[in-house]
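One structure is given here, and the rest of the page talks about it.
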Amino acid sequence: MDTVIEVRGLVKKYKELTAVDNLDLDVKKGEILGLLGPNGSGKSTTINCILSLLKKDAGTVKIFGEPMSPDAYEIKRRIGVVFQDVGVYDELSVYENIDYFCGLYISDKAKRKELVERAIDLVSLNDFVKFKPKKLSGGLLRRLNIACGIAHRPEIIILDEPTVAVDPQSRNSILEGIKKLNDEGSTIIYTSHYMDEVDFLCDDIVIIDKGKVIAKGTSEELKDMITMNEKISFTSKNLNDDVITKIKAFEHLLSYENKDGSVKLSFDHGDGYLMNLIKLLDDNGIRYSSLNVEKPSLNDVFLELTGKDLRD
Ligand SMILES: Nc1ncnc2c1ncn2[C@@H]1O[C@H](COP(=O)(O)OP(=O)(O)OP(=O)(O)O)[C@@H](O)[C@H]1O
Ligand SMILES: [Mg+2]
């Protein structure tokens with residue numbers, strides 16, 4: 001597969017703070033790459049350095065095999081960016097905003113009309129085309145921001161946390177829209193601190209913390225990297241000390257947590273713990289409900305690698 005973006009040894013400092021620290025990144029043609037990291041981990045700084053909007057302190061960035069620079073306009077034309085902060089014109093309507101941004105790339109009127117309408121469809125803003133941005137809810141405004149960034153059908157689309165502070169309906173619409181853009185051929189970089197979104201959307205995931213790549217791979221590969229293999233939870237009101245001792249003695253048990261009868265267990269490699277647990281509970285007459293088995297999440301990966309939660 002072709003690499004469309006290649007970043008090597010990227011460093012960006014803000015005075016004493018190293019916001020991006022020797023970062024490597026490869027984005028393959030046709031994929032959705034997730035850049036996952038907590039607040040302040042350097043996602044936006046990385047994006048801005050890739051786009052040459054910020055001056056890097058060290059490293060190289062190649063896009064479509066060419067070195068990226070502030071005046072690489074031919075490369076920039078082929079990239080659509082949706083910034084974390086919404087940037088639209090208050091005096092223009094939804095339609096006029098999208099038409100304006102699309103017009104920066106596409107001069108043919110008929111072609112532009114088709115593209116603008118397609119972008120409106122994609123983010124489901126059809127009922128709001130005449131609205132001014134100030135009349136839109138936060139979620140609709142974010143959808144407008146996305147439509148403005150992608151209407152010209154760029155080959156690469158970079159989205160920086162497009163779902164922060166949006167309602168669930170807008171969030172789903174945005175995620176579906178991004179999948180569709182990818183199906184239609186765009187290569188996508190998606191930054192987020194929401195692990196479930198990245199898990200759902202992305203082919204490859206790069207986890208960053210404090211400006212450094214701490215792990216990369218597919219969702220499965222990342223989950224295979226950690227010791228935890230399975231989580232089991234259940235609720236019980238009549239657990240006794242004897243049974244608790246037996247649970248704690250399970251082979252391969254990594255952690256045991258019991259909050260008012262809400263029990264969470266995690267295990268390392270291997271499986272079959274569930275059957276053992278059910279047998280133990282049944283044999284001892286313990287009533288239980290909400291029994292659930294889960295595989296590790298990307299949050300578990302982050303937690304095991306860094307010792308802290310990815311969540312806000
Ligand atoms: N213009 C700036 N001047 C000084 N420090 C900055 C500047 N921009 C960002 N930083 C700092 O650099 C680090 C990385 O910030 P960045 O915005 O790239 O992170 P992020 O992963 O995008 O975070 P968020 O999830 O909050 O958007 C943070 O510690 C931030 O406070
Ligand atoms: Mg950011």
Side-chain angles (χ1 to χ4, degrees), residues 5 7-27 32-61 63 68 70 79-88 138-139 141-146 148-150 156-168 170-171 174-175 178 188-202 204-217 219 222 297-303 305-312:
I5 300 181
V7 178
R8 289 291 175 270
L10 181 66
V11 177
K12 174 65 191 176
K13 295 179 181 169
Y14 298 112
K15 297 199 176 125
E16 295 85 55
L17 176 82
T18 306
V20 180
D21 194 356
N22 199 21
L23 182 133
D24 295 345
L25 199 67
D26 290 281
V27 187
I32 306 184
L33 180 108
L35 196 56
L36 178 68
N39 290 125
S41 54
K43 303 181 294 293
S44 298
T45 304
T46 300
I47 296 303
N48 288 329
C49 288
I50 289 176
L51 294 166
S52 279
L53 298 172
L54 273 176
K55 198 171 176 302
K56 56 189 184 301
D57 292 295
T60 56
V61 176
I63 304 186
M68 186 59 179
I79 306 176
V81 190
V82 179
F83 290 104
Q84 190 166 357
D85 298 319
V86 174
V88 296
L141 194 59
R142 290 229 153 237
R143 279 146 73 173
L144 171 61
N145 199 41
I146 293 171
C148 291
I150 58 89
I156 297 177
I157 297 173
I158 301 181
L159 299 123
D160 195 359
E161 307 224 36
T163 59
V164 166
V166 305
D167 54 284
S170 282
R171 185 175 130 116
I174 289 170
L175 296 179
I178 293 170
I188 292 175
I189 299 186
Y190 184 82
T191 92
S192 181
H193 62 277
Y194 297 131
M195 50 165 184
D196 50 339
E197 286 184 1
V198 169
D199 214 347
F200 167 75
L201 265 186
C202 302
D204 275 308
I205 300 166
V206 175
I207 303 182
I208 67 169
D209 187 37
K210 296 182 186 144
K212 284 196 172 77
V213 173
I214 57 164
K216 58 174 126 184
S219 169
L222 289 167
S297 66
L298 289 177
N299 190 59
D300 295 316
V301 176
F302 193 79
L303 187 64
L305 293 174
T306 66
K308 62 185 184 200
D309 258 316
L310 184 56
R311 298 192 189 100
D312 278 334

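Indexing begins at 1, ligand by ligand and atom by atom, following the structure's order.
Partner of S44 under the side chain to side chain donor-acceptor pair (under 3.5 Å) criterion, chosen from T191, D85, D160: D160. Of the candidates K212, K13, K210, K212 is the only one forming a side chain to side chain donor-acceptor pair (under 3.5 Å) with D21.
Residue contacts to the Mg ion (ligand 2): N39 brings no N, O or S atom closer than 2.8 Å. Among the atoms of T191, no N, O or S atom is found under 2.8 Å from the Mg ion (ligand 2).
Ligand-side atoms of ligand 1 in range of L17: 11 (C), 12 (O), 13 (C), 29 (O), range being under 4.0 angstrom from any heavy atom. Close contacts of ligand 1 with P38, meaning ligand atoms under 4.0 Å from a residue heavy atom, involve 21 (O).
Within the 4.0 Å heavy-atom criterion, the part of Q84 lying near ligand 1 is the side chain and not the backbone.
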Q | Step-by-step salt bridge (charged side-chain N to carboxylate O under 4.0 Å, His left out) determination, D24 to K216 | A | CA-CA 10 Å; D24 295 345; K216 58 174 126 184; 5.6 Å; no

Q: Show your working on side chain to side chain donor-acceptor pair (under 3.5 Å) between D300 and S297 and close with a plain yes or no.
A: CA-CA 5 Å; D300 295 316; S297 66; 3.3 Å; yes

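K43 places no side-chain N or O within donor-acceptor distance of the main-chain N or O of L35, the cut-off being under 3.5 Å.
Under the 4.5 Å side-chain criterion, counting only non-hydrogen atoms from C-beta, I50 is in contact with I63.
Of all protein heavy atoms, the one closest to atom 3 (N) of ligand 1 is Y14 CD2, 3.6 Å. Counting protein heavy atoms only, atom 13 (C) of ligand 1 is closest to G40 O, 3.6 Å. At the top of the distance list for atom 18 (O) of ligand 1, counting protein heavy atoms only, stands T45 OG1, 2.5 Å. Here the protein heavy atom with the shortest distance to atom 20 (P) of ligand 1 is K43 N, 3.5 Å.
Between S41 and ligand 1, at least one pair of N/O atoms sits closer than 3.5 Å. Here's the thing with G42: one of its N/O atoms is less than 3.5 angstrom from an N/O atom of ligand 1. Between E161 and ligand 1, an N or O atom pair is found at a separation short of 3.5 Å.
Atoms OG and CZ, on S170 and R142 in that order, are 10.5 Å from each other to the nearest 0.5 Å.
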